[in-house]
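Reviewing the structure listed below.
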Amino acid sequence: MALVGSPEVVPEPAEELVPARSRFHLSRRWVAASVVVVLVTVFGATTFLLTRPDGSACMSSPTVYPDSANVYVDGMPRQILVEDLPVPGRLMKLGDLLELGHTAESRHDVSVLGVDDLEPSANLRPVEGRRLVSVSLQERNMGQMTIIAQVGNYTWLCDAEGTWYQHDLAMTRMLAGDDRLEHREKVIRKVVFQIRSDARPARVRTPATGEQSATIADWELD
């Protein structure tokens with residue numbers, strides 16, 4: 001029985017449940033910044049793929065730089081022509097080995113390892129409008145006979161616009177060492193080129209001239 005004048009007991013309202021804030025809540029600013037980063041990354045990758053020197057022009061529309069010449073007539077240099085360019089060879093990647101020779105006595109392999117800019121010096125100096133690059137070419141003797149490394153003497157370089165260059169004979173000889181290779185010896189030669197100052201190297205061609213069946217390879221430069 002309730003007492004007269006006693007206060008009415010009113011139950012407290014239940015506490016409204018508020019969802020806890022996730023520690024992984026993403027602000028609008030953070031989302032916007034993430035979208036920008038993704039777009040920049042995608043655009044950069046696309047630009048790289050579109051501008052990388054893939055060497056396609058070297059095959060579709062080859063030209064030659066006429067005064068990068070090691071071609072001589074009666075002891076005098078002449079301008080090189082497209083006809084002087086060796087025919088295309090098998091397509092290789094950097095570091096792949098191209099075997100030359102088919103007998104146990106005379107067998108060796110070559111490989112293009114890469115291309116680098118070459119700093120000018122007192123003896124190594126390009127003409128105006130050119131810059132120096134060097135192709136690292138490995139030659140290894142796997143036969144029984146002593147051989148002379150000479151594939152670098154016939155090496156050509158192509159830029160991304162399809163222009164082919166002969167190597168600079170005099171500068172390459174300045175960097176050469178002992179080219180005699182005994183059994184299982186190898187040498188890495190720096191083959192020097194004078195290319196246009198804004199050119200991007202794209203492909204190297206190494207014809208093994210002097211053998212009964214000349215072997216030619218094209219090496220794509222990454």
Side-chain angles (χ1 to χ4, degrees), residues 44-72 76-89 91-96 98 110-139 149-177 179 187-209 216-222:
T46 304
T47 302
F48 172 77
L49 292 174
L50 292 177
T51 59
R52 63 175 299 189
D54 60 3
S56 57
C58 300
M59 305 296 293
S60 60
S61 55
T63 59
V64 296
Y65 221 70
D67 61 341
S68 61
N70 294 319
V71 179
Y72 292 84
M76 297 297 294
R78 69 162 174 83
Q79 289 188 341
I80 60 175
L81 307 172
V82 174
E83 290 76 11
D84 296 315
L85 180 67
V87 298
L91 191 60
M92 310 283 281
K93 295 182 179 179
L94 293 180
D96 287 349
L98 175 66
V110 297
S111 178
V112 174
L113 305 181
V115 60
D116 299 287
D117 285 319
L118 188 62
E119 289 295 327
S121 64
N123 296 323
L124 304 176
R125 189 171 299 279
V127 300
E128 185 177 356
R130 308 272 196 94
R131 82 175 196 270
L132 300 180
V133 297
S134 65
V135 172
S136 296
L137 180 69
Q138 175 184 287
E139 193 162 356
Q150 57 180 343
V151 173
N153 296 337
Y154 312 107
T155 302
W156 293 65
L157 174 70
C158 182
D159 65 26
E161 295 183 359
T163 302
W164 287 89
Y165 306 81
Q166 273 197 322
H167 73 288
D168 189 288
L169 181 62
M171 293 189 190
T172 299
R173 285 178 175 174
M174 290 179 188
L175 299 181
D179 292 336
V187 64
I188 298 177
R189 296 186 63 184
K190 298 288 187 180
V191 185
V192 182
F193 294 84
Q194 293 194 56
I195 66 175
R196 292 195 310 264
S197 57
D198 61 344
R200 294 175 299 153
R203 183 170 294 211
V204 173
R205 182 166 294 173
T206 58
T209 304
I216 301 176
D218 279 12
W219 312 78
E220 286 188 316
L221 301 175
D222 294 334

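In this text, all values refer to a predicted model and were calculated from it rather than measured experimentally.
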Practice problem: Could you walk me through whether Arg200 and Glu161 pass the salt bridge (Lys or Arg N to Asp or Glu O under 4.0 Å) test, one step at a time? | Solution: CA-CA 8 Å; Arg200 294 175 299 153; Glu161 295 183 359; over 6 Å; no
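- In terms of heavy atoms, Leu132 sits closest to Met171 at CD2-SD, 3.8 Å.
- In this structure, the side-chain contact (heavy atoms from CB on, under 4.5 Å) partners of Leu113, at least two apart in sequence or on a different chain, are Ser111, Ser136, Gln138, Ile188.
- Note that CD of Gln79 is 11.0 Å distant from CG of Asp84, once rounded to the nearest 0.5 Å.
- With sequence neighbours excluded, the residues satisfying salt bridge (charged side-chain N to carboxylate O under 4.0 Å, His left out) with Asp117 are Arg131.
- Between Trp219 and Thr206, the shortest heavy-atom distance links the atoms NE1-OG1, 3.0 Å.
- Heavy-atom minimum distance, Val64 versus Val82: CG2-N, 3.8 Å.
- Looking only at side-chain heavy atoms (C-beta outward), Leu157 and Trp164 stay at 4.5 Å or farther from each other.
- Judged by distance alone, the side chain of Glu220 and the main-chain N or O of Ala202 form no donor-acceptor pair under 3.5 Å.
- The shortest distance between side-chain heavy atoms of Val135 and Val192 does not fall below 4.5 Å.
- Listed by chain and number, the residues in a side-chain contact (heavy atoms from CB on, under 4.5 Å) with Met59 are Pro88, Arg203, Arg205, Asp218 (sequence neighbours excluded).
- A pairwise comparison of heavy atoms in Gly152 and Val191 identifies O-CG1, 3.8 Å as the closest pair.
- Taking the side-chain hydrogen bond (donor to acceptor under 3.5 Å, both in side chains) definition, one finds that Ser134 meets it with nothing, sequence neighbours left out.
- The only option from Leu137, Asp116, Leu118 that meets the side chain to side chain contact (heavy atoms under 4.5 Å, CB included) definition with Lys190 turns out to be Asp116.
- In this structure, the side chain of Arg130 engages the main chain of Gln194 through a donor-acceptor pair within 3.5 Å.
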Quiz item: Can you list the steps and then say if Leu98 with Val151 is a side chain to side chain contact (heavy atoms under 4.5 Å, CB included)?
Solution: CA-CA 11 Å; Leu98 175 66; Val151 173; over 6 Å; no
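- Residues Tyr65 and Tyr165 place their aromatic rings such that the two centres sit under 6.0 Å apart.
- Residues Phe193 and Asp168 have side chains not in contact (no heavy-atom distance under 4.5 Å, counting atoms from C-beta outward).
- At least one side-chain heavy atom of Trp156 sits less than 4.5 Å from a side-chain heavy atom of Pro86.
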Exercise. Take Leu124 and Met174 through the test side chain to side chain contact (heavy atoms under 4.5 Å, CB included) and record every step on the way to the result.
Key: CA-CA 8 Å; Leu124 304 176; Met174 290 179 188; 3.8 Å; yes
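- Pairs passing the salt bridge (Lys or Arg N to Asp or Glu O under 4.0 Å) check and including a residue from residues 118-129, sequence neighbours excluded, do not occur.
- Shown here for Thr172 and Arg189, the closest heavy-atom pair between the two residues is CG2-NH2, 3.7 Å.
- For Pro120, the side-chain contact (heavy atoms from CB on, under 4.5 Å) partners two or more places apart in sequence, or in a different chain, are Pro126.
- When atom types are taken as modelled, the side chain of Thr163 and the backbone of Asp159 share no donor-acceptor pair closer than 3.5 angstrom.
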